[in-house]
Amino acid sequence: MYDVLIIGSGITGACISREMSKYQAKTIIIEKENDVAQKATLANSAIVHSGHDPIPGTLKAKFNILGNRMYKQMSEELDIPLMECGGLVVATTLEEEKTLDMLYARAFENGLKKSEVKLLTKDEVKEKEPNISDHVTKALSLPSTSVTYPLEAAIANIENAMNNGVELATNEEVISIVKNKEHFEVFTKRNKYEAKVVINASGINAENISKMIAKTNFTISPRKGEYYVLDKDVTLVNSVIYPTPSEKGKGVLVTPQYHGNTLLGPTSEFVENDTESTTKKGLDYIKVNIEKTVTNIPYNKIIRSFAGSRPTPSTKDFIIEESNIKGFINVAGIESPGLTAAPAIARYVVEGIVANNIDLVENKNFNPYRKKVIRMNELSDEEKNELYKRDSRFANIICRCESITEGEIIEAIHRNCGATTVTGVKNRVRAGAGRCQGGFCQPEVLKILARELKIDPMEVLYSKKDSAILKAKTKGE
Ligand SMILES: Cc1cc2nc3c(=O)[nH]c(=O)nc-3n(C[C@H](O)[C@H](O)[C@H](O)COP(=O)(O)OP(=O)(O)OC[C@H]3O[C@@H](n4cnc5c(N)ncnc54)[C@H](O)[C@@H]3O)c2cc1C
C-alpha cells in the first residue's frame, strides 16, 4: 500500500514527488506514457515568469511569485539550467502603453520588488535589444524573468525523488479509481495500485480523472500553442520579448532558449483533439504577429516547429484542493505560469493538504542534490583527458551537431528515470536536437539503446508506443 500516489509526471507531479521524498512516506508516480513529462511540460516557452501578469489575489499570482523565488535554489540543488536573461513587455500603441502602466502597478501588487520592475523608454529598449521593432514605444523591464529547460527540470525532480526512495511506473494509464473504507484503489490498464492519498496532476486529463471518483465542478479545455524554433547560431534577442498581453493571453513571444535556440510563439487556440501538431494557420499567425515586436527574423534559420496544449480551466485559476472525497487531491488547470509555479504548488500540496491526511515524518536521509549528466563540451581539456582515460566511450562522438558522446548517452540511459527511447535520449542529452535533427546519429543511438537495455534493435522505439523505427530485417541476423 502506498501512502501517496501521484497521477502524472509533468512538472507538477515531478515537483510534488520530490517534496514527498523529504518524508518517510511510500510514494509512487503513475504515468500513462512510456517516458516522463511528454505533455505540456515538454512543449512550452520554458520561461520562469516574474509574476507581473496574473490577476492579483489569484492562486496563479501567489504561486508564480513563490515559484519564481524558489527556482534558483532548485536549479542549484538539481543542476537544472537557469538562464537569468530578464524579460521585456513591449508596447507599440498608446493603448498598449496604458496596459503597460497597469501591469507596472500590478507587478507590485503581486509582490515584485522595486528592483524587479522598471519602465524603459524606446531608446533604452533599442540599446538592450538591437532587433526590436521601430514600432515599439515603451517597455516594462522584468529582470527576474529567467529561462529554464522544462524537461530537465521535471526529469531532475523525479530522478532526485527516486534517489530518495520514490517509485515511478510508466506505461500505466489510470482508467478508474474507487475508494474503500481506508484507501483508494487506482486501476490502470495493466495493474491495480492501493494508496491512502491520490494526487491528480494529469494535465489536460485532470477533469476526466477527477470525475472517476469526485464531484467535479470544473472543466479543462486544451488550448494549443504552436512554435517555430530558430537554429542556435542566431542571436536575435537577449531577453524574453513579450508583446503587451490581451484577453487571449501573453501573445506571440520571442524567447531565447538555454541551449542557444530561439523560440517564436506560441499561438493560442482551443482545440478538441489534435493537441500536439502544428498547422499552417498557426505558423502563419506567428509570422504575422512576431514582426510587430522584433525585426530581422531569419526565417531561413528555422529548424523545426512544435506544439503543446495548455490545460485551461473553466475557473480561470489553478485548482489546488482536496475534493469532496477525503484524500483525493486535484492539482488541475495548471496552465501558464504552471512551469514557474510548480515548486511552490508542490510544497503547498504536501505541507498544506497531504499533511492533513497522513503523518509526515521527516526523511533524515533526504539528499537534495542531483548532478546532471556529464556534458563533454562544458569540460576543460584537462577534465576531458581525465575522462577519456577512465572511459574511452567519452571520446566517441555520436551526435556531431551537438558534440554528444557515447559516454553521455549511456549515462542518460542508466540513471534513475533514464532514457528508454531515441527521443528520450534526445530530450536528456540533446543527441539529435541539432541542425540535422538526428539524421546522422539516430541509427547509432538506436544501437546503443538496444545494447544497454539488452533488447532487440527491432524493439527500440523512436518515442511513443508503436513507434518502432526498424520494421523488418532485410539481411543478416
Ligand atoms: C504552449 C505553452 C506555453 C507555456 N509556456 C509556459 C512558460 O513559459 N512558463 C510557464 O511557467 N508555464 C508555461 N506553460 C504552462 C506549463 O507548461 C504547464 O503549466 C505545466 O507544464 C503543466 O504541468 P503538469 O504537470 O500540470 O501537466 P503535464 O505536463 O501536461 O503533465 C500531465 C501528465 O499526466 C499524464 N497523464 C494524463 N492522463 C493520465 C492517466 N490517465 N494516467 C496516467 N497519467 C496520465 C500525462 O501523460 C502527463 O505526463 C505553457 C504551456 C503551454 C502549452
Side-chain angles (χ1 to χ4, degrees), residues 5-17 28-51 53-54 60 63-64 67-68 71 87 145-148 150-151 153-154 157-158 168-177 186-189 193 198-210 212 220 222-227 240 242 249-250 252-253 255 257 263 265-269 271 275-276 278 282 306-313 318-320 330-346 464:
L5 181 148
I6 302 162
I7 305 172
S9 68
I11 191 69
T12 307
C15 288
I16 294 172
S17 74
I28 187 166
I29 315 171
I30 301 286
E31 169 54 52
K32 81 173 160 61
E33 302 294 331
N34 61 4
D35 199 357
V36 300
Q38 295 300 295
K39 298 295 172 186
T41 301
L42 179 70
N44 58 68
S45 302
I47 305 166
V48 179
H49 294 295
S50 68
D53 181 53
K60 283 185 182 176
F63 289 117
N64 185 155
N68 177 292
Y71 249 82
T145 306
S146 313
V147 168
T148 183
L151 190 70
N157 270 280
I158 295 174
L168 167 70
T170 50
N171 288 312
E172 290 284 26
E173 179 173 355
V174 173
I175 49 169
S176 72
I177 307 171
V186 177
F187 295 88
T188 67
K189 286 187 173 161
Y193 295 87
V198 173
I199 300 175
N200 172 17
S202 59
I204 57 173
N205 248 345
E207 177 190 344
N208 300 333
I209 297 277
S210 177
M212 288 177 188
I220 302 290
R223 187 164 52 91
K224 185 154 77 174
E226 302 182 31
Y227 294 89
V240 177
Y242 302 86
K250 294 189 186 73
V252 178
L253 324 181
T255 309
Q257 295 291 283
L263 296 187
T267 55
S268 171
E269 210 57 60
V271 288
T275 53
E276 290 170 18
T278 53
F306 69 90
S309 278
R310 311 152 177 98
T312 298
F318 294 157
I319 299 151
I320 307 171
N330 279 317
V331 190
I334 310 298
E335 58 177 352
S336 186
L339 171 68
T340 313
I345 292 175
K464 296 185 177 158

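Computed from a predicted model, the values in this text were never measured in an experiment. Read the numbers this way: they start at 1 and go in the same order the structure lists the ligands and their atoms.
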Q: Considering heavy atoms of the protein only, find what lies nearest to atom 52 (C) of ligand 1 and give residue, atom and distance to 0.1 Å.
A: Arg310 CG, 3.5 Å
Q.
Please list all pairs meeting salt bridge (charged side-chain N to carboxylate O under 4.0 Å, His left out) that have one or both residues in residues 34-50, counting only residues at least two apart or in different chains.
A. Glu33-Lys39, Asp35-Arg428, Lys39-Glu276
(Q) I'd like the name of whichever of Val186, Leu263, Thr148, Val174 reaches closest to atom 40 (C) of ligand 1 through any heavy atom. (A) Val174
Q | For atom 10 (C) of ligand 1, closest protein heavy-atom neighbour | A | Leu339 CB, 3.3 Å
Q) Closest approach of Leu339 and Tyr71, non-hydrogen atoms and distance? A) O-OH, 2.7 Å
(Q) In the structure I gave you, are the side-chain heavy atoms of Lys250 and Ile47 within less than 4.5 Å of one another anywhere? (A) no
Q.
Geometry only, no angles: is Gln38 polar-contacting ligand 1 at N/O separations under 3.5 Å?
A. no
Q) So is Ile204 polar-close to ligand 1, meaning N/O to N/O under 3.5 Å? A) no
(Q) At under 4.0 Å between heavy atoms, is it the side chain or the backbone of Ala201 that contacts ligand 1, or both, or neither? (A) backbone
Q | Atoms of ligand 1, numbered as shown, that sit under 4.0 Å from any heavy atom of Glu172 | A | 42 (N), 43 (C)
Q) Can you list the ligand 1 atoms lying under 4.0 Å from a non-hydrogen atom of Ala46? A) 8 (O)
Q. Can you name the nearest heavy-atom pair linking Ala37 to Leu151, along with the distance?
A. O-CD1, 3.3 Å
Q | Residue Asn205 vicinity, atoms of ligand 1 by number, heavy atom under 4.0 Å | A | 37 (C), 38 (N), 39 (C)
Q) If we only count heavy atoms from C-beta on, is the Leu253 to Tyr227 side-chain gap below 4.5 Å? A) no
(Q) Students should be able to answer this: which protein heavy-atom is nearest to atom 7 (C) of ligand 1, and at what distance? (A) His49 NE2, 3.4 Å
Q: Please name all residues satisfying ring-ring contact (aromatic ring centres under 6.0 Å, His included) with Phe318, sequence neighbours left out, ordered by chain then number.
A: none
Q: Kindly confirm or rule out an N or O of Ile11 lying under 3.5 angstrom from an N or O of ligand 1.
A: yes
**Q.** Minimum heavy-atom distance between Thr275 and Pro222, given as atom pair plus value
**A.** CG2-CB, 3.7 Å
Q. Is there a side-chain contact between Ile7 and Ile177 (heavy atoms, below 4.5 Å)?
A. yes
Q. If you count the atoms of ligand 1 from 1 in the order shown, which ones are under 4.0 Å from a heavy atom of Gly203?
A. 27 (O), 30 (O), 32 (C)
Q. For atom 50 (C) of ligand 1, what's the nearest protein heavy atom and its distance?
A. Asn44 CB, 3.4 Å
Q: Run the numbers for me: atoms of ligand 1, each under 4.0 Å from some heavy atom of Ser309, listed by number.
A: 53 (C)
**Q.** Protein heavy-atom partner closest to atom 43 (C) of ligand 1 - residue, atom, separation in Å
**A.** Lys32 N, 3.3 Å
(Q) Does any part of the side chain of Lys32, heavy atoms only, come nearer than 4.5 Å to the side chain of Ser202, both counted from C-beta? (A) no
Q: Could you pull out the closest heavy-atom pair between Asn157 and Ser17, with the gap in Å?
A: O-OG, 4.2 Å
**Q.** Identity and separation of the nearest protein heavy atom to atom 36 (N) of ligand 1
**A.** Ser202 CB, 3.9 Å
(Q) Checking contacts here: is it the side chain or the backbone of Ala307 that comes within 4.0 Å of ligand 1, counting heavy atoms only? Could be both or neither. (A) neither
**Q.** Polar side-chain atom of Asn68 near backbone of His49 as donor-acceptor pair, under 3.5 Å
**A.** yes
Q: Enumerate the atoms of ligand 1 whose separation from the nearest heavy atom of Glu33 is less than 4.0 angstrom.
A: 47 (O)
Q: Specify the protein heavy atom at minimum distance from atom 29 (O) of ligand 1: its residue, its atom name, and the distance to 0.1 Å.
A: Thr41 OG1, 2.5 Å
Q: Heavy-atom distances under 4.0 Å are what count here, so tell me which part of Arg223 touches ligand 1: side chain, backbone, both or neither.
A: neither
Q: Examine Ile47 against ligand 1 and note whether any of their N/O atoms are separated by less than 3.5 Å.
A: yes
Q) Which one holds for Ile175 and ligand 1: side chain close, backbone close, both close, or neither close, with close meaning a heavy atom under 4.0 Å? A) neither
Q: Could you tell me whether the side chain of Tyr242 reaches within less than 4.5 Å of the side chain of Thr145, counting heavy atoms only?
A: yes
**Q.** Protein residue, atom and distance nearest to atom 19 (O) of ligand 1, heavy-atom basis
**A.** Ile334 O, 2.5 Å
Q) Going by the atom numbers of ligand 1, which of them fall below 4.0 Å from some non-hydrogen atom of Tyr227? A) 1 (C), 2 (C), 3 (C)
Q | For the student: nearest non-hydrogen atoms of Gly67 and Ala344, plus distance | A | N-CB, 3.6 Å
Q) Arg223 and Ser268: which non-hydrogen atoms are nearest, and at how many Å? A) NH1-OG, 2.9 Å
Q: Taking the side chain as every heavy atom from C-beta outward, state whether Ile29 and Val36 have any pair of such atoms under 4.5 Å apart.
A: no
Q | Part of Ile7 with heavy atoms under 4.0 Å of ligand 1, whether side chain, backbone, both or neither | A | side chain
Q) Considering only heavy atoms of Glu173, which atoms of ligand 1 have at least one such atom less than 4.0 Å away? A) 41 (N), 42 (N)
